[in-house]
Q: 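Take a look at the following structure, please.
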Amino acid sequence: MKGFLIVEKYTGDAVMNYRLVIIGGSAGSFQVVNQMLAKLPQDFKIPIVLVLHRLKHVRHGFVEALSQKSNLPVIEPEDKSSIRPGYVYLAPANYHLFIEVNGRFALSTEEPVNHSRPAIDLSFKTAAYCFREKLIGIILSGANKDGAYGLKAIKQTGGLTIVQDPMEAQIPVMPMAAIERTGKVDHIFPVNDIFSFLCKL
Amino acid sequence: MKPFPGEEISIGILGLRRLNHVTSRLYNFDLRSYAATSLIRKIEAVIQRNHLKDIDALIHLLETRSSFFPVFQSQLSYSCSELFRDPAFWRSFRDDVLPVLNKNNQKIRIWVAGCSSGEEVLSIAIILYEAGLYEKTSVLVTGLNELSISETRRKTYQDKQLEISESNYKRFSSNENAPISRYLNRKDNRFVFKDELYKNLRYEVFNGSETNEIKGLHLVLCRNYFIYCTPEYQNEMLGLFTGSLLPGGFLAIGNKEDISFCDDFSRYLVFNKKEKIFQKRPY
């Protein structure tokens, strides 16, 4: 996987080189993501993958809405495209989004999982398999339990797990499920702390 | 909470290699043309569906019971779709592509390739029917083996399965008063699409490695098939489609699929960028 900029961060004595941030959310997460994209600096190099539940028949408009305040380019990845630093990738409508074993995106039209396509669980699980301890997984507000297994998979492969504080989330079901399923998530943060955490990377 | 699909079964790349060794050796079926992540998920689903313990049990079954192979192949290629997926694509197909195909008073020849579920075929049949072009069109539908073909050709649907198709169809036709149900017959508690729609469909087995080429086509419809192929195999298949198409013929792929990295990309013009419709250059 050439072409990745290695970003270093000190956690105690260990130097972490995160290569991907993957974020899952559903109802109540759009505002949070929008604010985040406005706060992240233009030179934020770690690629971000957004897996947000969305209306399956509305293919257009979401990227535009997210782009409005974003400092980073937001695009919907095409099948087999590579993951490049400095980009925000939004999972397209009516497909599952996988991180393929070669580190590229792959799409699938297999049946919805957790009534969702894209399913957060699938994107997280495949990203965990590929990026292991170089991965940060974040679960935001949402009204179903999609993403819980995915976050657990990230934890199991040594990645960093962050959940939006359920007390603060517009709808706490998704954060609660992720915390419960993962066991011990690394951080439970209100959104502002998530932003400043990412900005410090 | 239900268990995560496939959480208990983890086959990994090594398991895949051992399985491929068996399918290649015994059945001349090379799994290496499939994209790995999807393939692993599909194999995990096959293991669950057949109540097998693990990948070793699947390998053992394939080694000892050749009658299971077509079942395996058909379950592997199974996909669930909806009629009129991406209504905007079908509108463009109806309004922009069909008039071009209908210019000369010739028979229109269409290939629906890599078609593991019958919904794309039915969508095209309905459009041709409504355009009055059904009689002068021949539609070739190919599948990996006889079993997967027979499973897709007379598929029955439950009420609930048709909900998405119904709303897609309304978006496509922009006509609230013409439901898709007029193409349906009730069969016990399920629905089947009417015989007329199947009349000019020709089903054939096609496994990609065959040498008997399909020639002289006006349209290859192949949406959301390349997503399951490796880049190399996609490149090979696109070459095959290019060879099958007449100059000026059309190719339609899924709206998030990409052929720009393929050798034959330069042999196509972009006809509709958003809906991923390409036209083979006339020279």
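In what follows, every chain begins at residue 1, and chains take the letters A, B, ... in the order their sequences are listed. Computation of the quantities below employed the complete heavy-atom set of this structure, encompassing side-chain atoms and omitting hydrogens, waters and symmetry-equivalent molecules.
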Q: Could you state the interatomic distance from CG (N255(B)) to CD (E76(A)), rounded to the nearest 0.5 Å?
A: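 Here the rounded value is 8.5 Å.
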
Q: How far apart are the closest heavy atoms of V101(A) and A36(B), and which atoms are they?
A: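 Smallest heavy-atom distance, with atoms named: CG2-CB, 3.7 Å.
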
Q: Tell me yes or no: between the side chains of D79(A) and Y228(B), is some donor less than 3.5 Å from an acceptor?
A: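 No, no side-chain donor-acceptor pair sits under 3.5 Å.
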
Q: I'd like to verify something: which residue of E111(A), R104(A), H96(A), E110(A) has the highest number of heavy-atom pairs under 4.5 Å with chain B?
A: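 Highest number of heavy-atom pairs under 4.5 Å: E110(A).
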
Q: Using side chain to side chain contact (heavy atoms under 4.5 Å, CB included) as the criterion, point out the one residue from I99(A), N102(A), T126(A), L122(A) that pairs with T37(B).
A: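 With T37(B) as partner, I99(A), N102(A), T126(A), L122(A) yield a single side chain to side chain contact (heavy atoms under 4.5 Å, CB included), made by T126(A).
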
Q: Are any side-chain N or O atoms of K80(A) and backbone N or O atoms of E257(B), one a donor and one an acceptor, separated by less than 3.5 Å?
A: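 Pair absent, no side-chain N/O of K80(A) close to backbone of E257(B).
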
Q: For atom NE2 of H115(A), is the number of surrounding heavy atoms from other residues, nucleotides or ligands below 6.0 Å larger than 12?
A: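 No.
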
Q: Calculate, to the nearest 0.5 Å, the distance between atoms CD1 and CZ belonging to I40(B) and F98(A) respectively.
A: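 Reported value, rounded in 0.5 Å steps: 10.5 Å.
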
Q: Taking only heavy atoms into account, what residues of residues 167-178 of chain B are found under 4.5 Å from chain A?
A: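 At a heavy-atom separation under 4.5 Å, chain A is reached by R171(B).
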
Q: Indicate yes or no: at least one non-hydrogen side-chain atom of K256(B) is less than 4.5 angstrom from one of N94(A).
A: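 Heavy-atom side-chain distance check fails, nothing below 4.5 Å.
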
Q: Measure Y129(A) against the heavy atoms of chain B and call it side chain, backbone, both or neither at under 4.5 Å.
A: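 For Y129(A), side-chain heavy atoms alone lie under 4.5 Å from chain B.
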
Q: If I measure from the heavy atoms of chain A, does S81(B) come under 4.5 Å with its side chain, its backbone, both, or neither?
A: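 For S81(B), there is no contact with chain A at all, as no heavy atom is under 4.5 Å.
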
Q: Do other residues, nucleotides or ligands put more than 12 heavy atoms under 6.0 Å from the CZ atom of R18(B)?
A: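 Yes - once you tally the heavy atoms of other residues, nucleotides and ligands closer than 6.0 Å, there are more than 12.
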
Q: When only pairs under 4.5 Å are counted, which of R85(B), K42(B), E82(B) shares the most heavy-atom pairs with chain A?
A: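 Result: the option with the highest number of such pairs is R85(B).
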
Q: Do other residues, nucleotides or ligands put more than 12 heavy atoms under 6.0 Å from the CZ atom of F241(B)?
A: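 Yes - once you tally the heavy atoms of other residues, nucleotides and ligands closer than 6.0 Å, there are more than 12.
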
Q: How long is the span from the CZ atom in F261(B) to the OG atom in S81(A), to the nearest 0.5 Å?
A: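 Here the interatomic distance stands at 10.0 Å.
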
